[in-house]
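Accompanying notes for the structure given below.
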Amino acid sequence: MLDPGVIVRNFKFLIVQGFLGIGSFAGGTLRLAIPAIVLGFALGIVVGLARLANAAWIRVPAVMYVELFRGVPLVMVIFWMWFVIPQLLRLPIPEYGVALTAFVIFEAAYFGEIVRAGVQSVPRGQVEAARALGLSGAKAMRYVVLPQALRNMVPSLVTQMIVLFKDTSLASIIGYVDLTKAAQIVNNREIRPFELYLFIAVVYWICTYSMSRMARRLERRPSTA
Amino acid sequence: MAAAIEFRQVNKWFGKLHVLVDVTLGVAPGEVVVVCGPSGSGKSTLIRCVNALERIQSGEIVVLGDSITSPRMNLTRLRTQVGMVFQSFNLFPHMTALENIMLAPMKVRNAPREDAEKTARALLLRVGIPDKAGNYPANLSGGQQQRVAIARALAMQPKIMLFDEPTSALDPEMINEVLEVMTDLAKSGMTMMVVTHEMGFARRVAHRVIFMDGGQVIEEADPETFFASPKSDRSRQFLSKILSH
């Protein structure tokens, strides 16, 4: 029999601690996902633009960065940050720091590729027209290329953000109490896997579905036909 | 009077392809020069060198008294003095017609928004589409887009205007509205270099026609002479092809 009571009894722990990250444990799905998306995208812009640079000393490291982090599993990057880096630095890093750093570094490689493709999707004539008007390379990028590139990027960007959002559940392997880990903790006590894992599936789904709805709205914005 | 644009022994290669061969040419202030020739003859490349969209490998180009091939050349200063209009318009699709025109004055010259807008509206009036200020390029016809592009270039108050096949991408019924704007501009005393196949425009408006082939200037003459009695075989051939239809 389904027992919705298990959700009601543990609602505060699951949502406030597990989902939002307010509580006595280091944790929170949103507390990890939001800064990871913001910082990962910011670093991704840097990586993506560096990959398009003319100067080899900027471009080559960016290419190596992308190829390295796209070629290894995310779990492995989390383990590196958890076991290896603290030893090298002789400095303990708390779960939150480990998880956030791993996500930002890993996702920046993917965001970087999306940014690169987006910038390259803007026709060359746009840059030429901007430069011919006297705009510097940086200003042409900022006012002419990036606004158009961002728009072209929206679909793949949102897909990647959804992937990242769901992947935050991997942080539970180092003991970070996100929504998945919180459900696991409750389940260890209550043994109600069906109710608990169904509940968190619904929470994840509502979040990702609203993200894709928002993206569709952005894509359809009429002003920039 | 000193030339507005001067090419001195200019050579340019794209890889192994020699696209400009020893070009020496002067354009006087206020002069309208039409550059014609078969495709691949180097005419577009020639005018793209004037605002340094293309760099040359040898020779010198002097624009308004400054050598633009010297390493100390001020690129921004050059490009604010030389406006350019492209075959494919290249309007910024995420900005309205008005914003397209206001961008460079605001971001390059730091003009206040009100001033930039006033100038932009005056320019739209000048090119005959004051009612399209709020339209995005996607909602403008080709002819209207090209007129906005001309207004956008004029917003920087250039002393020279370059036109790279400005009507080649237009439907026939829209060509004239663009040529009219260009004719007015020529009458106002603007120095112009125009790459075009519109020989009617060349005949009516140009002071001089330059015929290029294989990266070389084959012939230059006033339009009457050029069309009535072209000197070289290649220009005769070219004219017979282009004027027969």
Side-chain angles (χ1 to χ4, degrees), chain A residues 41 44-45 48-49 52-56 58-59 111 114-158 214-225, chain B residues 44 47-48 50-54 74-96 99-111 134-140 145-146 148-158 160-164 169:
Chain A
F41 182 45
I45 291 180
L49 293 182
L52 292 167
N54 285 323
I58 303 177
R59 190 182 61 245
F111 282 128
I114 294 172
V115 170
R116 178 187 62 78
V119 167
Q120 283 179 327
S121 73
V122 177
R124 219 168 65 104
Q126 290 289 310
V127 184
E128 281 188 351
R131 299 304 306 270
L133 285 166
L135 270 75
S136 64
K139 282 180 180 170
M141 182 56 79
R142 172 156 169 220
Y143 298 110
V144 175
V145 178
L146 274 185
Q148 296 181 59
L150 277 171
R151 205 183 130 70
N152 296 346
M153 284 178 223
V154 165
S156 19
L157 216 47
V158 172
M214 221 165 64
R216 235 169 290 161
R217 277 240 303 278
L218 274 175
E219 275 177 71
R220 252 188 278 139
R221 217 168 34 180
S223 61
T224 50
Chain B
S44 285
I47 69 164
R48 286 165 60 88
V50 177
N51 64 352
L53 278 184
E54 303 285 355
N74 182 336
L75 202 62
T76 305
R77 197 174 108 95
L78 167 73
R79 286 177 174 163
T80 53
Q81 291 181 327
V82 180
M84 186 163 206
V85 174
F86 300 85
Q87 176 176 355
S88 47
F89 326 135
N90 296 350
L91 289 183
F92 308 132
H94 58 301
M95 298 179 194
T96 62
E99 289 165 348
N100 262 278
I101 303 171
M102 289 164 62
L103 179 73
M106 284 175 64
K107 300 304 175 194
V108 180
R109 290 240 168 89
N110 296 319
N135 284 41
Y136 285 91
N139 300 321
L140 295 171
Q145 287 190 53
Q146 195 60 300
V148 173
I150 293 173
R152 178 176 70 176
L154 290 175
M156 296 302 278
Q157 295 161 309
I160 298 171
M161 283 287 282
L162 309 170
F163 293 84
D164 189 0

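Order of the sequence lines fixes the chain letters, A, B, ..., with proteins taken first and strands second; residue numbering starts at 1 for each chain. Predicted model only: the values in this text are computed from it and were never measured.
- To the nearest 0.5 Å, the span separating OH on A:Tyr143 from CD on B:Glu99 amounts to 13.5 Å.
- Residues B:Arg48 and A:Glu128 form a side-chain contact, since some pair of their non-hydrogen atoms from C-beta on lies under 4.5 Å apart.
- For B:Leu162, no part sits under 4.5 Å from any heavy atom of chain A, backbone or side chain.
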Check: residues 131-139 of chain A side-chain donor-acceptor pairs under 3.5 Å, at least two apart:
unit_1, atom_1, unit_2, atom_2, d
A:Arg131, NE, A:Leu135, O, 3.0
A:Ser136, OG, A:Lys139, N, 3.2
A:Lys139, NZ, B:Lys107, O, 2.7

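- Counting heavy-atom neighbours within 6.0 Å of B:Arg77 CZ, excluding the residue itself, gives a total of 12 or less.
- Contact of B:Val82 with chain A is made through the backbone alone, with heavy-atom distances under 4.5 Å.
- Under a cut-off of 6.0 angstrom, the local environment of CG in B:Asn74 is crowded, with over 12 non-hydrogen atoms contributed by other residues, nucleotides or ligands.
- Side chain of B:Asn90 to backbone of A:Gln126: no donor-acceptor contact under 3.5 angstrom is found.
- Only the side chain of B:Leu75 comes within contact range of chain A, judged by heavy atoms closer than 4.5 Å.
- The closest side-chain heavy-atom distance from A:Pro147 to B:Met95 is not below 4.5 Å.
- Of the atoms belonging to B:Phe92, heavy atoms from both backbone and side chain fall under 4.5 Å from chain A.
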